[in-house]
Participant: 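So that we are looking at the same thing, I have put the structure below in structure tokens.
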Amino acid sequence: MKQQGGCHCGKVRFEAEVSAEKGMSCNCSICGKRGTILTFVPEEGFKLLSGQDALTDYQFGKKSIHHYFCGTCGVSAFGAGATPDGKKMRAINLRCLDGIDLGKIQVQLVNGKDF
Ligand SMILES: [Zn+2]
């Protein structure tokens, strides 16, 4: 289902083909601090509606993942990366979808810090 979402100040807006029923909470060095609830979509299922200029790209480690956040309000609504076989993917922070009911997301805990 196509859903829209964005950062807090409204500069960054996106549309993504996602199901908000299931998400993943990861304990890796960055997800653990940000508290994101992520789901993944192929690049084709994602569209940035506004805010390209507002995005700050944060990278660390192998620098294979773009941990974007809004430079004004600091909210991380999505990231970008690729699968091991090179398929471009987006990680959507379900918390940033419009009208999301956080209590209805089935959250799976992922032990990302050990990968
Ligand atoms: Zn913002």
Side-chain angles (χ1 to χ4, degrees):
M1 196 173 125
K2 243 181 211 169
Q3 301 202 61
Q4 292 195 0
C7 68
H8 186 263
C9 72
K11 284 187 180 170
V12 177
R13 295 287 304 163
F14 67 90
E15 190 174 80
E17 198 80 42
V18 290
S19 159
E21 282 159 33
K22 280 184 192 169
M24 172 196 113
S25 177
C26 173
N27 64 359
C28 79
S29 63
I30 188 156
C31 296
K33 292 199 178 198
R34 278 181 162 173
T36 44
I37 299 176
L38 299 177
T39 193
F40 298 91
V41 294
E43 184 70 21
E44 312 85 79
F46 177 88
K47 193 173 157 196
L48 185 65
L49 302 174
S50 69
Q52 182 68 57
D53 299 347
L55 287 174
T56 300
D57 185 6
Y58 175 60
Q59 293 193 288
F60 65 93
K62 290 181 203 155
K63 302 202 171 173
S64 52
I65 304 171
H66 300 273
H67 302 273
Y68 295 116
F69 64 93
C70 172
T72 298
C73 67
V75 168
S76 170
F78 59 83
T83 58
D85 57 356
K87 207 164 167 259
K88 282 189 168 184
M89 299 291 287
R90 293 281 175 161
I92 310 297
N93 183 5
L94 292 178
R95 290 178 174 273
C96 292
L97 293 180
D98 295 344
I100 186 76
D101 186 342
L102 290 171
K104 285 194 177 150
I105 306 175
Q106 243 187 1
V107 179
Q108 186 196 1
L109 298 177
V110 173
N111 189 25
K113 78 171 158 55
D114 290 339
F115 287 110

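Since we're looking at a predicted model, the values are computed, not measured. For the single chain, residues carry numbers from 1 onward in sequence order.
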Participant: Considering only heavy atoms from C-beta outward, does the side chain of Arg34 approach that of Phe69 to under 4.5 Å?
Facilitator: yes
Participant: Distance from Glu44 atom CD to Met89 atom CE, nearest 0.5 Å?
Facilitator: 9.0 Å
Participant: What's the separation between atom CG in Leu102 and atom CZ in Arg95, rounded to the nearest 0.5 Å?
Facilitator: 5.5 Å
Participant: So, Ser76 side chain and Tyr68 main chain: donor-acceptor pair closer than 3.5 Å or not?
Facilitator: yes
Participant: Report yes or no: do Val41 and Ile37 belong to one cluster of Ile/Leu/Val/Met/Phe/Trp/Tyr joined by side chain heavy-atom distances under 4.5 Å?
Facilitator: yes
Participant: Mind listing the closest non-hydrogen atom pair of Gly6 and Phe14 along with its distance?
Facilitator: N-CE2, 3.5 Å
Participant: Is it true that Glu21 and Lys104 have a side-chain N and a carboxylate O under 4.0 angstrom from each other?
Facilitator: no
Participant: With a 4.5 Å heavy-atom cut-off, do Leu48 and Phe78 have their side chains touching?
Facilitator: yes
Participant: What's the separation between atom NZ in Lys47 and atom CZ in Arg13, rounded to the nearest 0.5 Å?
Facilitator: 12.5 Å
Participant: Do the side chains of Leu49 and Leu97 join up, straight or via other hydrophobic residues, at under 4.5 Å, putting them in one cluster?
Facilitator: no
Participant: Quick one: pull up CD1 in Ile92 and CG in Leu38 and give me the separation to the nearest 0.5 Å.
Facilitator: 9.0 Å
Participant: What are the two closest non-hydrogen atoms of Ile105 and Gly23, and how far apart are they?
Facilitator: CG2-N, 3.6 Å
Participant: Kindly compute the distance separating NZ (Lys2) from CZ (Phe46), expressed to the nearest 0.5 Å.
Facilitator: 12.5 Å
Participant: Less than 4.5 Å apart, side chain to side chain, heavy atoms only: is that true for Cys70 and His8?
Facilitator: no
Participant: Cut-off 3.5 Å, no hydrogens considered: what does the side-chain donor-acceptor table look like for residues 24-31, sequence neighbours left out?
Facilitator:
from, atom 1, to, atom 2, distance (Å)
Asn27, OD1, Gly112, N, 2.9
Asn27, OD1, Lys113, N, 2.9
Asn27, ND2, Asn111, OD1, 3.0

Participant: Using 0.5 Å steps for rounding, measure from the CG atom of Leu94 to the CD1 atom of Ile100.
Facilitator: 5.5 Å
Participant: Parallel, tilted or perpendicular: which one describes the rings of Phe60 and His67, with boundaries at 30° and 60°?
Facilitator: parallel
Participant: Val75 and Cys96: which non-hydrogen atoms are nearest, and at how many Å?
Facilitator: CG1-SG, 3.6 Å
Participant: Which pair of heavy atoms, one from Pro42 and one from Lys87, lies closest together, and at what distance?
Facilitator: CB-NZ, 3.8 Å
